[in-house]
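Remarks on the structure that follows.
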Amino acid sequence: MSIKSTGSPGTPSRFLKYWHRHNSTLLGLGIFAFLLAIWEASISLGWVSKFVLTPPSGIIQALIKLSKNGELMDALATTLTILGAALGLALVIGISIGFLLYKNELWGKAFEPLLGAIFASPLPLMFPIFLVLFGRTFYAIICLATIYGSIPIIMNTREALLSVRRTLIWVGRSFRLTEVQIFWKIIVPAAAPLMFSGIRMGLIYALLGVVAFEFLTDLGGLGRLLSELNYKFKIPESFALTASTVMLSGFVLFLTGWIERRISNNR
Amino acid sequence: MTQKKANAVLSVEQVSKSFYVEDEPPILALSETDLEVQKGEFVAVIGPSGCGKSTLFNIIGGLIPSDTGQIVVEGKKTNGPDKQIGMVFQEESTFAWRTVEENIAFPLELAGVPKQDRIKQAAHFADLVGLSGFEKRYPAELSCGMRQRVALARTLALEPQILLMDEPFAALDEQTRMLLGEKITEIREALDQTVLLITHNITEAVQLSDRVAIMSFRPGVIKRILDIDLPRPRGPETISSDKFGHYVGEIWADLREEAARGLRESERALADEH
């Protein structure tokens, strides 16, 4: 009889190595799968009525149905277009204002509490003002989502630029760099991770804003489709669309997290 | 005060600097300070905390202007950072977003050196500071002492005539500090550089220097310059010798009074605050 060794003593097996590298991801997936199984079982065993809660298998079927008739893709395309426009504007506005508030200390200090207050306030309540200004159009949604997304970008851009250590700037001066070179070659890369955290938050807030205002205005996109499905009491489809929105948020989070890790690169 | 010598590569001439704080009288950090450093010399400037050592470092490096006096490098008055002076800072100053190689090559990149040459030169300077094999690592993957060596190699890549260092080993433990001190001495000999080291560590000053300039507490002036007549290389035998101990004692005798005055003043300032 021969016994196959999985590795010399003290050398972890391939499985163990894989587990140590990805244990948090694997554990997260395991918990997610467990919760789905409980959810599915609670309905199939009759603990919860299927008229109240759609099981995951039903959600998948509804998702396939929505995808096949093109409704989901159309709504997704609309939401992503509005999100792209809002995020683009939020980036330009957020980074520019953040930079100006960094350059002007007095204005920066004056605006800091104001921005914090706006960030903490329930912005969707301001929606009627935007409806009056822009009418019931996509511009109203873009405008409000832009404000929603740009505030964390402004705050983090200023904070990130201010947090660059003076010694790094002095290194640049000792190498006789111009102020412009110091800004682009030292300040911006040093501030990039914190700035990117702001951009990431801005993206998430803009997405929340876009879907919420689509829901309120009933104009188009994932929010409008969800509003319509809710109105028609199409429970499985409503769950499927909510799941799609969660997946979209998850994908956006993953993508921005991946870019952030690439930027932070071993810091 | 020093006597003027013809072949001084660096001269600090009558430099004064005051700092102004709102609603308070100006603080005179440096008062008509003079210092001359000869070519190839290793000079340490030592003084108690708050004596203006770092202010002197920043003025010599051209990072802040002096109120009066001037800095002369090779006979020419400087105006801002001078290309003959390379600076190594006390605080961590590596670029976290660049690898060791990219950090060292940074000044070469600015000078427009082609990429292949940059990599070659970066490897040379990494080797000089004992970081061969770590070129592709990021600063976060290195120890504090290794990061200081990256900063040193980056400054050396500019090939400055004068190396200006502000307590570069302050954050390191005693053993690493002594080993890096030996490394600095080797590099200086290899590159035939002039070194001005700002420090508050008496042993370090005696271990490394040809001369030690002792500063008084605020306002900072060079109180005395002591020639260190010890053979090089200064290994454990030299460091444990009576002569080494005598120099340490002599400097401490000069510094003690200044350090005590500094301590009294900082305690008084703290009491006034409350």
Side-chain angles (χ1 to χ4, degrees), chain A residues 17 20-21 95 98-99 102 104-106 108-110 156-200 256-267, chain B residues 54 57-65 78-100 102-111 136-142 147-148 150-152 154-160 162-168 171:
Chain A
K17 272 186 189 168
H20 284 307
R21 197 176 296 167
I95 293 174
F99 173 73
Y102 151 74
N104 193 314
E105 200 185 338
L106 178 67
K109 280 183 181 168
N156 272 46
T157 300
R158 176 174 177 265
E159 195 57 42
L161 294 171
L162 283 175
S163 70
V164 177
R165 283 179 296 118
R166 192 181 60 170
T167 310
L168 295 185
I169 295 165
W170 279 8
V171 169
R173 295 215 174 115
S174 76
F175 286 143
R176 303 195 304 153
L177 265 67
T178 61
E179 290 304 309
V180 175
Q181 282 177 313
I182 288 174
F183 182 74
W184 287 112
K185 289 189 178 289
I186 295 175
I187 296 176
V188 170
L194 196 53
M195 271 174 81
F196 200 82
S197 293
I199 293 171
R200 194 180 182 194
T256 50
W258 180 77
I259 298 170
E260 195 177 343
R261 278 195 298 279
R262 298 275 298 180
I263 289 177
S264 302
N265 217 347
N266 287 305
R267 280 167 196 250
Chain B
S54 292
F57 169 84
N58 290 331
I59 291 172
I60 296 172
L63 298 180
I64 57 171
T78 62
N79 182 20
D82 192 279
K83 65 177 177 184
Q84 304 289 357
I85 298 177
M87 301 175 82
V88 181
F89 296 84
Q90 179 182 355
E91 300 88 5
E92 148 70 335
S93 68
T94 53
F95 300 142
W97 59 96
R98 286 172 168 259
T99 60
V100 168
E102 289 164 350
N103 259 286
I104 300 172
F106 181 71
L108 305 171
E109 193 182 305
L110 296 170
K136 302 294 176 195
R137 299 284 187 95
Y138 282 88
E141 299 172 294
L142 306 176
R147 286 203 288 269
Q148 267 307 39
V150 174
L152 173 64
R154 184 180 59 193
T155 303
L156 292 175
L158 266 180
E159 300 190 33
I162 303 160
L163 194 57
L164 187 58
M165 298 194 287
D166 184 15
E167 303 191 36

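Proteins get letters first, then strands, A, B, ... in listed order; numbering begins at 1 in each.
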**OP:** Select, from A:R173, A:Q181, A:R166, the one with the greatest count of heavy-atom pairs under 4.5 Å involving chain B.
**Re:** A:R173
Original post:
Looking at A:T167 and B:S93, what are the two nearest heavy atoms and their distance?
Top reply: CG2-CB, 3.8 Å
Original post:
Taking every heavy-atom pair that is under 4.5 Å apart, which of B:E92, B:M87, B:E109 has the most such pairs with chain A?
Top reply: B:E92
Original post:
What part of A:R165 lies closer than 4.5 angstrom to a heavy atom of chain B: side chain, backbone, both or neither?
Top reply: side chain
Subject >> Side chain / backbone / both / neither for A:I186 at chain B, heavy atoms under 4.5 Å >> reply: both
Subject >> pair B:R154-A:F175: side-chain heavy atoms closer than 4.5 Å >> reply: yes
Original post:
Relative to chain A, which of B:N58, B:T99, B:D82, B:V88 shows the most heavy atom pairs under 4.5 Å?
Top reply: B:N58
**OP:** Hey, could you give me the CZ/NZ distance between B:F106 and A:K185, rounded to the nearest 0.5 Å?
**Re:** 6.5 Å
Original post:
If you take all heavy atoms of A:L168 and B:T94, which pair is closest and at what distance?
Top reply: CD2-O, 3.7 Å
